[in-house]
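The analysis underlying the following values was restricted to heavy atoms, covering all of them including side chains, and did not include hydrogens, waters or symmetry mates.
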Protein chains: 2
Amino acid sequence: MNTLESLIANLSRLPGIGRKSAARMAYFLLDSDKSFNESLADQIQYLKERIVSCSICGNYTEDDPCPICSDNRRDHSVICVVEQAQDVHPIMSTNEYQGVFHVLQGVLSPLDGVGPEDLTINKLMKRIKAGGIVELILATNPTVEGDTTALYLVNMLKGSGIKVSRLASGIPVGGDLEYADKLTLARSLRGRTEISLP
Amino acid sequence: MNTLESLIANLSRLPGIGRKSAARMAYFLLDSDKSFNESLADQIQYLKERIVSCSICGNYTEDDPCPICSDNRRDHSVICVVEQAQDVHPIMSTNEYQGVFHVLQGVLSPLDGVGPEDLTINKLMKRIKAGGIVELILATNPTVEGDTTALYLVNMLKGSGIKVSRLASGIPVGGDLEYADKLTLARSLRGRTEISLP
């Protein structure tokens with residue numbers, strides 16, 4: 001296999017990239033500046049060395065603890081529990097959340113052999129035992145595994161006196177009732193919010 | 001901008017890759033084998049050094065002349081003229097074509113200031129003058145620029161005694177008459193092929 005073919009083969013291993021997109025990317029790289037290719041190559045080569053998991057929350061970071069955990073202006077009494085480090089960015093970009101995070105590094109999935117000991121649940125419990133936590137927002141995905149994991153955490157936190165909440169699930173903004181699936185619609189009914197009349 | 005952000009910014013400069021796909025790719029690279037990242041980085045870094053243009057046809061190649069030009073089992077009396085080096089692969093993969101190629105490195109586009117001297121037309125004429133060419137297949141895209149370029153070549157080749165053809169343009173296989181645009185339909189009518197009755 002020649003250089004171009006093996007580059008295309010590697011690029012098409014990236015998520016969401018088929019052979020045609022990979023070929024398009026490879027030809028783009030052939031035509032682009034040498035400096036762009038070198039900077040991209042450097043970033044890919046040293047990515048895993050430069051980025052580590054935050055020792056407190058498990059988020060991806062270059063400095064340990066991560067900028068979120070070491071930011072004193074944030075509310076360290078509220079922890080948002082997410083499945084993966086990539087879930088931190090979308091929540092941060094809403095500008096709605098002022099607390100800190102905890103990355104579970106996965107979800108409970110008995111079928112795949114993922115139990116509580118495979119996640120960072122123990123670490124989360126230690127953070128809670130250390131005190132100062134008022135609220136836990138369970139932001140696992142609204143899937144069977146995400147719901148199971150949230151339920152498991154709720155059971156563990158019984159009697160702890162901590163306020164526990166779950167992200168609202170329902171019809172997305174701009175969505176259409178007509179095309180919403182039954183489960184989503186059922187959840188959005190169950191989670192309906194009261195509107196106070198003026 | 002941190003490491004992850006700048007990688008995502010660079011990845012989203014690739015064709016067809018938006019910010020979300022770039023982020024997905026970056027997280028994939030964070031989770032993937034170190035060896036995969038290193039091989040991909042190496043391929044990107046040295047791509048432009050390892051791959052050159054074939055001095056005969058202009059195709060991308062590691063060895064000059066390219067494997068197609070140096071293959072004696074191919075028919076060197078037929079040249080397929082394409083716009084870009086990336087057009088060679090799709091034609092080769094049809095297994096229908098046994099000749100060689102000529103890459104124009106672009107199309108005539110007066111609006112963008114691309115004239116005949118910016119393309120490899122002189123080189124093509126030299127190949128033809130050197131003799132032994134029987135047929136020229138004009139495989140520029142069926143666009144205004146591609147058609148103009150084909151017409152320009154046809155005019156240049158007048159009286160040369162070389163058989164000149166153009167790739168058929170029409171409804172794609174699996175396509176639908178109902179959704180075909182007027183121009184495509186008009187071309188497929190003009191280029192209709194006779195069926196000999198048994």
Side-chain angles (χ1 to χ4, degrees), chain A residues 1-53 59-63 66-67 84-90 93 105-106, chain B residues 1-53 59-63 66-67 84-90 93 105-106:
Chain A
M1 200 152 60
N2 65 30
T3 303
L4 201 58
E5 280 299 317
S6 55
L7 172 63
I8 292 173
N10 265 348
L11 286 173
S12 57
R13 281 179 58 189
L14 296 174
I17 306 297
R19 212 204 158 276
K20 284 201 175 173
S21 311
R24 216 172 136 210
M25 284 161 63
Y27 287 121
F28 173 89
L29 290 169
L30 262 173
D31 284 338
S32 64
D33 289 353
K34 205 171 177 303
S35 63
F36 172 75
N37 292 10
E38 278 172 357
S39 103
L40 182 61
D42 173 85
Q43 288 166 337
I44 292 174
Q45 181 155 22
Y46 298 110
L47 185 66
K48 286 173 81 85
E49 287 161 30
R50 287 178 192 148
I51 293 183
V52 293
S53 278
N59 186 17
Y60 289 133
T61 180
E62 282 171 79
D63 312 301
C66 76
Q84 301 172 294
Q86 41 264 58
D87 298 333
V88 171
H89 180 78
S93 62
Q105 313 281 22
Chain B
M1 199 153 62
N2 65 31
T3 304
L4 201 58
E5 280 300 317
S6 56
L7 171 63
I8 292 173
N10 265 347
L11 286 173
S12 57
R13 282 179 56 189
L14 296 174
I17 305 297
R19 212 204 159 275
K20 284 203 177 174
S21 311
R24 215 172 137 212
M25 282 161 62
Y27 288 121
F28 173 87
L29 290 169
L30 262 173
D31 284 338
S32 64
D33 289 354
K34 203 168 178 306
S35 64
F36 172 75
N37 291 12
E38 278 172 357
S39 105
L40 182 61
D42 173 84
Q43 287 166 338
I44 293 173
Q45 180 153 24
Y46 299 110
L47 185 67
K48 284 172 84 87
E49 288 163 28
R50 288 179 191 148
I51 293 183
V52 294
S53 278
N59 186 17
Y60 289 132
T61 179
E62 281 170 81
D63 311 301
C66 75
Q84 302 171 295
Q86 41 264 58
D87 299 332
V88 171
H89 180 79
S93 62
Q105 314 280 20

Which heavy atom of B:S12 sits nearest a heavy atom of B:G18, and at what distance?
CB-O, 3.9 Å
Taking atom OH of A:Y60 and atom CD1 of A:I51, what is their separation to the nearest 0.5 Å?
8.5 Å
Does a side-chain heavy-atom distance below 4.5 Å link B:D63 with B:V52?
no
Show the nearest heavy-atom pair for residues A:Q43 and B:N10, with the distance to one decimal.
OE1-ND2, 2.9 Å
Between B:E49, B:H89, B:Q84, B:R13, the one whose heavy-atom pairs under 4.5 Å with chain A are most numerous:
B:R13
In terms of heavy-atom pairs under 4.5 Å, which option from B:L11, B:D42, B:T61, B:N37 contacts chain A the most?
B:N37
Contact part of B:R24 toward chain A, heavy-atom cut-off under 4.5 Å: side chain, backbone, both or neither?
both
Test B:I44 against A:F36 for side chain to side chain contact (heavy atoms under 4.5 Å, CB included), laying out the working first.
CA-CA 10 Å; B:I44 293 173; A:F36 172 75; over 6 Å; no
With chain A as the partner, which of B:L30, B:I17, B:L4, B:L47 has the greatest number of non-hydrogen pairs under 4.5 Å?
B:L30
Measure distances from B:D31 to the heavy atoms of chain A and classify the residue's part below 4.5 Å as side chain, backbone, both or neither.
both
Do other residues, nucleotides or ligands put more than 12 heavy atoms under 6.0 Å from B:Y46 OH?
no
I'd like to verify something: which residue of B:Q86, B:R50, B:Q45 has the highest number of heavy-atom pairs under 4.5 Å with chain A?
B:Q86
Is it the side chain or the backbone of A:A26 that comes within 4.5 Å of chain B heavy atoms, both, or neither?
backbone
